[in-house]
Structure formats: structure tokens, C-alpha cells
Amino acid sequence: MKLPFSYYQNPDVLFLAKDLLGKVLFTEIDGEITAAIIVETEAYFGIHDKASHAYGGKRTERTEIMYAQGGISYVYLCYGIHHLFNVVTSIENEPHAVLVRAVEPLIGQEIMELRRNMPSTKSAISSGPGSAAKALGINRSFNKKELTGEEIWLEDHNIRYNPDDIIASPRVGVAYAQEDALLPWRFFIKGNKYVSKPNKVE
DNA sequence: AATGAGATCGTCT
DNA sequence: GACGATCTCATTG
């Protein structure tokens, strides 16, 4: 059930960003399990991607984890408020990553409702990278965790989408990346209500 | 429905 | 000292 470490070693981050759609992201915190289906992702293409924190081969204390081999989490604080969860992918020294931008609550919805202070029927409960992470209880302490561990992991529940229902569009909030901001490296499930607002076209 | 501003802090220059 | 891979709420731009 749990996705094996080898799954994340795939060097094709664009493939993985699409393939992660439909996979189920679990967290266990103080014995409380929550899980949600990934319905929106973005690929960050290592050192050649102006939108990536690792652009140009930049290595800092924060970005170092992106250079690890795939199968580790990269969680960082954005705008001083939100924790954004990424899946580090590919081989060592190839700092590819996939940002999880939206999830559909599956297990432990009552717990997510408490964390987000809203009913799980509202799409805003886990729409957008900051909200999705918060619904699953992901904060900075989840940085650099093995995704095959006991605190955070992914499972394949055999949820499959029709290729026609997977939409590719430009990534959100990366205007500073100039021409790379136009690359269609955001992937989401057509019609899924938890997909985040920007450019939500069908 | 759309727009705008404020919140808030770790990281890097 | 400046700046975000954002979200929410208030206003009506």
C-alpha cells in the first residue's frame, strides 16, 4: 500500500507530478491519522528552473534537502505564515521537487475540520498549498522526513483519472521566474472542487 | 464577482 | 533589511 522509496527516485519530475495525482497523503500526529487525495501539484525542475529554490544550483541550509535522493519531504515557511509541503524526487544531487497544492479530504475529516475551523464540505478546507498542509497538520517539524516513515507517507489506493481529466497549466505565484513562469507544470484534476482558484479553467 | 490590503517570520543579501 | 511556490476578510477599486 505504502509507496516504496524507489517510487520517488524517478528522474522525470514532470511524470511524478502527474502521477502523484490520485495518490493518498497520510499524516499521523499524536495517534491521530488524517489522509487526503492529492488533486493538484506543481513540478519544480531543479537547477534549470528559475522558479525553483534550487535554481542555478543554489545550495543553502534551507535548500540542501532538495539535493537529497527522492522520497524525502521539503517543508518551508512561505510569507511568514504558511507551510508548503513538497515531495523531493529524483536521484541525489538532482534537486527536483513536487509541490502539493490541493488535496481532497479522505480520512479523519473531523480532525481536519478542527485544524481549519471550517466544515470539510467547504472546498477551502484543503484548497491551495498552505491550506492543504494545514488540514493535514503539516508544519516545519515535517521537514526532511522520509515519506516511507511513520509520521508522513503516501499510499496508492488505485485511484486513477482519465488522462483527459488531468489539466496542465502555468504554475501559480511564480511571476518572478520570468519565462519559466509560463511553463505548464501545474497539474490538477478537472472539475475537482478542492483544486485551488487561480486559472481554474476547464 | 472581483479586487486589495494586512498578516507575519525564516532565510538570504 | 527585503522578500516571498499564500490566505482571509473587507470593500466595492
Side-chain angles (χ1 to χ4, degrees), chain A residues 13-14 16-18 20-21 25 36 38-68 70 72-90 94-105 112-145 147 152 167-188 193-202:
Chain A
V13 67
L14 295 176
L16 274 181
K18 274 176 282 196
L20 281 166
L21 296 172
L25 176 57
I38 298 173
V39 297
E40 179 180 352
T41 61
E42 279 177 3
Y44 285 84
F45 201 86
I47 66 175
H48 303 295
D49 178 1
K50 289 187 177 178
S52 170
H53 292 162
Y55 175 61
K58 184 158 92 169
R59 280 176 183 266
T60 66
E61 194 166 348
R62 182 179 66 153
T63 63
E64 193 60 32
I65 191 62
M66 300 182 77
Y67 292 83
I72 310 285
S73 62
Y74 169 42
V75 179
Y76 76 99
L77 183 65
C78 187
Y79 294 104
I81 300 181
H82 302 108
H83 297 283
L84 271 56
F85 168 73
N86 294 255
V87 174
V88 172
T89 74
S90 194
E94 204 63 65
H96 294 316
V98 176
L99 170 69
V100 173
R101 286 195 54 88
V103 298
E104 177 177 336
M112 298 192 216
E113 289 178 344
L114 289 173
R115 287 176 184 149
R116 294 281 295 128
N117 193 32
M118 65 175 77
S120 57
T121 48
K122 269 183 97 81
S123 62
I125 194 168
S126 56
S127 180
S131 302
K134 190 168 184 194
L136 287 162
I138 295 172
N139 56 38
R140 269 194 80 57
S141 73
F142 280 83
N143 193 25
K144 305 184 187 181
K145 295 288 186 191
L147 297 175
I152 184 165
I167 310 290
S169 74
R171 293 171 294 179
V172 178
V174 295
Y176 61 87
Q178 304 168 35
E179 73 274 13
D180 286 352
L182 302 175
L183 295 165
W185 289 352
R186 172 186 182 223
F187 304 99
F188 60 89
K193 75 175 194 173
Y194 296 96
V195 169
S196 66
K197 280 250 154 64
N199 311 317
K200 188 169 176 179
V201 283
E202 298 174 18

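Worth knowing before you read on, the calculation uses all heavy atoms, side chains too, and leaves out hydrogens, waters and symmetry mates. In the text below, chain A, chain B and the rest are named by the order of the sequence lines, each starting its count at 1.
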Sugar-phosphate or base contact per nucleotide [nucleotides 2-7 of chain C; S, B, -; heavy atom under 4.0 Å]: --BBBS
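When the side chain to side chain donor-acceptor pair (under 3.5 Å) test is applied to A:Asn86, no partner is found at least two apart in sequence or on another chain. Applying the side chain to side chain donor-acceptor pair (under 3.5 Å) test to A:His82 and every residue at least two apart in sequence or in another chain returns nothing. By the ring-ring contact (aromatic ring centres under 6.0 Å, His included) test, A:Tyr67 pairs with no residue at all, sequence neighbours left out. With sequence neighbours excluded, no residue forms a salt bridge (charged side-chain N to carboxylate O under 4.0 Å, His left out) with A:Glu104. A:Lys18 meets the salt bridge (charged side-chain N to carboxylate O under 4.0 Å, His left out) test with no other residue; sequence neighbours excluded. Residues forming a side-chain contact (heavy atoms from CB on, under 4.5 Å) with A:Leu77 (at least two apart in sequence, or on another chain): A:His83.
Remark: side-chain polar atoms of A:Arg186 are not paired, donor with acceptor, to backbone N or O of A:Pro170 under 3.5 angstrom. A distance-only check finds a donor-acceptor pair linking the side chain of A:Arg116 to the backbone of A:Ile125 [under 3.5 Å]. Of the possible donor and acceptor atoms, one in the side chain of A:Ser73 sits under 3.5 Å from a partner among the backbone N and O of A:Lys145. Using a distance-only test at 3.5 Å, with no hydrogens or angles considered, no donor-acceptor pair links the side chain of A:Thr41 to the main chain of A:Val98. Judged by distance alone, the side chain of A:Glu42 and the main-chain N or O of A:Val172 form a donor-acceptor pair under 3.5 Å.
What separates CZ of A:Arg59 from P of B:dT11 is a distance of 18 Å, to the nearest Å. Remark: C1' of B:dT13 and OH of A:Tyr55 are 18 Å apart, rounded to the nearest angstrom. Atoms CG (A:Asn143) and P (B:dG10) sit 14 Å apart, rounded to a whole Å.
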Could you list the protein-to-nucleotides 1-5 of chain B atom pairs, N/O on both sides, closer than 3.5 Å?
none

Listed pairs, N/O of protein and of nucleotides 11-13 of chain C, under 3.5 Å:
none

Which pairs would a plain distance check flag for residues 49-56 of chain A, meaning a side-chain donor or acceptor within less than 3.5 Å of a matching protein atom at least two apart in sequence or in another chain?
residue, atom, partner, partner atom, Å
A:Asp49, OD1, A:Ala51, N, 2.9
A:Asp49, OD1, A:Arg171, NH2, 3.0
A:Asp49, OD2, A:Phe45, N, 2.9
A:Asp49, OD2, A:Arg171, NH1, 2.6
A:Lys50, NZ, A:Gln178, OE1, 3.4
A:Lys50, NZ, A:Glu179, OE1, 3.3
A:Lys50, NZ, A:Glu179, OE2, 3.1
A:Ser52, OG, A:Ala54, N, 2.9
A:His53, ND1, A:Tyr74, OH, 2.8

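Among residues at least two apart or in separate chains, salt bridge (Lys or Arg N to Asp or Glu O under 4.0 Å) pairs with a member in residues 52-63 of chain A are A:Arg59-A:Glu64.
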Secondary structure string for DNA chain B (Watson-Crick or G-U under 3.5 angstrom, | for other-strand pairs): |||||||.||||.
